[in-house]
Each structure stands twice: as C-alpha cells, then as structure tokens.
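Okay, so here's the structure we're looking at.
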Amino acid sequence: VTAAEKAGLAARDRFEELARTIATAEASIAGCRARIAEVDADLVRLRPIIVEGHREAADAEFDRIAAAWIVVVEALAPVIAKAKAWSAAAGAQFFINEPWTVVPLPGSKLDGAGFLEAVKVPSLGSARVYPYLLDATTIETDREAAFPALDASRELLHALGRIAEPPAPKPAEPEQPPGTTRHISAKMWPGGTPPHWDDPEYFNRPKPEPAKEAA
Amino acid sequence: MKGATVVKLSTPSPADQARDLLSEREVLTRLVAEAEEKAAAARLALPDATAARDAAHARVLAAEAGSG
C-alpha cells in the first residue's frame with residue numbers, strides 16, 4: 001500500500017466517521033424529540049388532575065391550620081394584651097387588629113416576626129401556625145401561597161405550567177409563486193396584518209395616483 | 001397455591017407520575033442538546049474531511065495513471 005493510498009484510506013475513514021456521527025446524532029435527536037412529545041402529551045393530560053389534587057390538598061391544609069389556629073387564638077388573648085401594652089410603651093410601633101393581625105406601622109423598626117420575638121410570644125402551637133399569626137389576610141386571600149406544606153406541589157404546578165400544549169398542526173399553505181414576497185412582518189405593516197401574498201384584491205388594486213404637489 | 005407470594009403493586013400518584021415525566025423530559029432535553037452539539041461539530045469538520053478525501057482519491061488515481 002503506497003503512502004498516497006494510506007492517506008486516502010485515512011481521509012475516507014475520517015469522512016465516514018463524521019458522516020456516521022451526524023447520522024447517529026440526528027437519529028438520537030429525532031428519537032428524543034419524539035419521546036419529548038409523548039412526555040408532554042402525558043403531562044398535559046395529568047395537569048388538570050394535579051391542579052385538582054393541589055386544590056384539595058390546599059383545602060385540607062387550610063382546615064388543619066384553621067383548627068390549630070382556633071386553639072392558638074384562644075391561648076393568645078393574654079399575649080395580645082401584653083403585646084398591646086408593649087406596643088404602647090414602645091411608642092405604638094404596631095397596630096394590633098384584634099385578635100390576630102399584627103401590622104407594623106410605617107417607620108417601624110421591627111417586622112411582624114420581630115414584633116412577636118420582642119414581646120416574647122410563647123410557643124404558639126406548631127411552628128407552622130406561627131407565621132400565619134402575623135397576617136390573617138394572607139390566609140384569607142392567598143391561602144395556598146401561605147402553606148409551606150404545599151411547596152412541593154406548587155413547584156410541580158409551576159414546572160407543569162412551563163410545558164406548553166402541543167401546537168395544533170398548521171394547515172398546508174399553497175406554493176409560493178416566484179417573485180412574490182411572503183414574509184412581511186405584521187409589525188412593519190401599517191395597520192397590523194399584512195396582506196397574504198396571494199391576496200388578489202390587494203395586489204391587483206389600482207395604484208394610487210401620485211400626490212398632487214401643493215400649489 | 002402454597003408458598004405463593006402475592007406482590008401488590010401500587011400505582012404512582014399523578015403527581016409522582018408527573019415528577020417522573022418531568023425528570024425524563026429534562027434528561028431527554030439534555031440528550032438532544034448534546035447530540036445537536038455533536039452533529040454541529042461533525043458538520044463543521046465535514047467540508048475539510050470531504051476535500052481531504054477527494055484530494056487523496058485524486059492523488060491515488062494520478063499515481064495509478066502515472067504507473068500504468
């Protein structure tokens with residue numbers, strides 16, 4: 001085998017290796033994309049079931065917290081009295097909306113948690129109940145967002161929200177005749193929607209007369 | 001059926017199914033990106049490899065013609 005032949009064989013091998021790499025990669029891409037489409041279809045199917053489950057879990061969690069809360073609020077009455085006294089002594093930094101909303105006033109140096117810490121609120125039942133005492137409106141208006149127990153479920157819903165529904169297949173467009181411009185951006189077109197390239201009404205419209213010069 | 005073992009299979013919850021699918025999707029997306037990268041690199045090298053192959057082939061033909 002001559003040196004030229006050896007070089008030829010090496011060059012051919014290299015070319016074939018590259019071609020194989022491309023073919024293998026393309027097959028892999030096609031396979032993965034096909035499976036992604038199946039996965040997405042499954043996720044879209046599961047989404048409403050999970051949303052419903054999340055809502056039920058949120059309701060259950062709310063009931064659980066509310067039950068614990070009633071106990072806590074009853075136990076809290078003396079604490080609130082103490083807190084009021086403390087707040088008055090500290091220059092009324094807090095407005096206490098009985099029985100459970102603690103709202104830091106503008107300019108207050110403490111947030112709600114700091115306030116409870118400052119008045120040394122004793123153990124208020126479970127740690128999970130504790131932050132909800134800060135702001136009753138949180139539970140009323142956004143009960144799901146307030147529940148750490150639902151974090152995992154919420155994250156899942158967010159992840160599912162990023163999976164788009166598979167797009168509907170586009171209807172086939174007729175072939176574009178030569179010499180026509182097809183891609184006209186709607187943004188560039190005055191009035192919004194550009195005419196379709198085969199819209200005879202637009203393209204066969206009479207040409208406007210040249211503007212008359214001002215006398 | 002003495003000694004038979006009954007295995008009770010539990011169906012994963014929709015949330016667990018969705019989590020598994022999302023993980024699978026993540027892996028697939030990464031595989032697509034890797035394959036695209038590989039294909040792009042190979043495509044980039046392909047013209048040079050084609051030219052080298054053709055040139056080598058031409059040299060072999062020329063050598064054969066010269067020796068014949």
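In this text the structure is predicted, and so the values were computed from the model without any measurement. Residue numbers begin at 1 in each chain, while the letters A, B, ... track the order of the sequences.
Within the 4.5 angstrom heavy-atom criterion, only side-chain atoms of A:L46, from C-beta onward, approach chain B. With a 4.5 angstrom heavy-atom cutoff, B:S13 does not touch chain A via any of its atoms. Using a 4.5 Å cut-off between heavy atoms, B:Q17 touches chain A through backbone and side chain atoms alike. In this structure, chain B has a heavy atom under 4.5 Å from the side chain of A:I49, while its backbone stays farther away.
Nearest heavy atoms, A:S28 versus B:A35: OG-CB, 4.1 Å. Nearest approach of A:I22 to B:A39, heavy atoms of both residues: CG1-O, 4.1 Å. The nearest pair of heavy atoms linking B:L46 to A:A19 is CD1-N, 4.4 Å.
Considering only heavy atoms from C-beta on, B:H57 stays 4.5 Å or farther from A:R12 through its side chain.
Other residues, nucleotides and ligands contribute only 12 or fewer heavy atoms inside 6.0 Å of the CD atom of B:E37. For A:E52, the CD atom counts as densely surrounded, since its 6.0 Å shell holds more than 12 non-hydrogen atoms of other residues, nucleotides or ligands.
With values rounded to the nearest 0.5 angstrom, A:D42 atom CG is found 11.0 Å from B:L22 atom CG. The distance from the CD atom of B:E34 to the CD1 atom of A:I29 is 11.0 Å, given to the nearest 0.5 Å. One distance of note links CD of B:E24 with CD1 of A:I36; it measures 9.0 Å at 0.5 Å rounding. Distance CG/B:L21 to CG/A:L43: 5.0 Å, rounded to 0.5 Å. Here the CG atom belonging to B:L31 is positioned 12.0 Å from the CZ atom belonging to A:R33, to the nearest 0.5 angstrom.
With chain B as the partner, the residue from A:E38, A:E17, A:R35 showing the most heavy-atom pairs under 4.5 Å is A:R35.
Using a 4.0 Å cut-off between a side-chain N of Lys or Arg and a carboxylate O of Asp or Glu, A:E16 and B:R53 do not qualify as a salt bridge.
For the side-chain contact (heavy atoms from CB on, under 4.5 Å) criterion with A:C32, the lone passing option out of B:V27, B:T29, B:L28 is B:L28.
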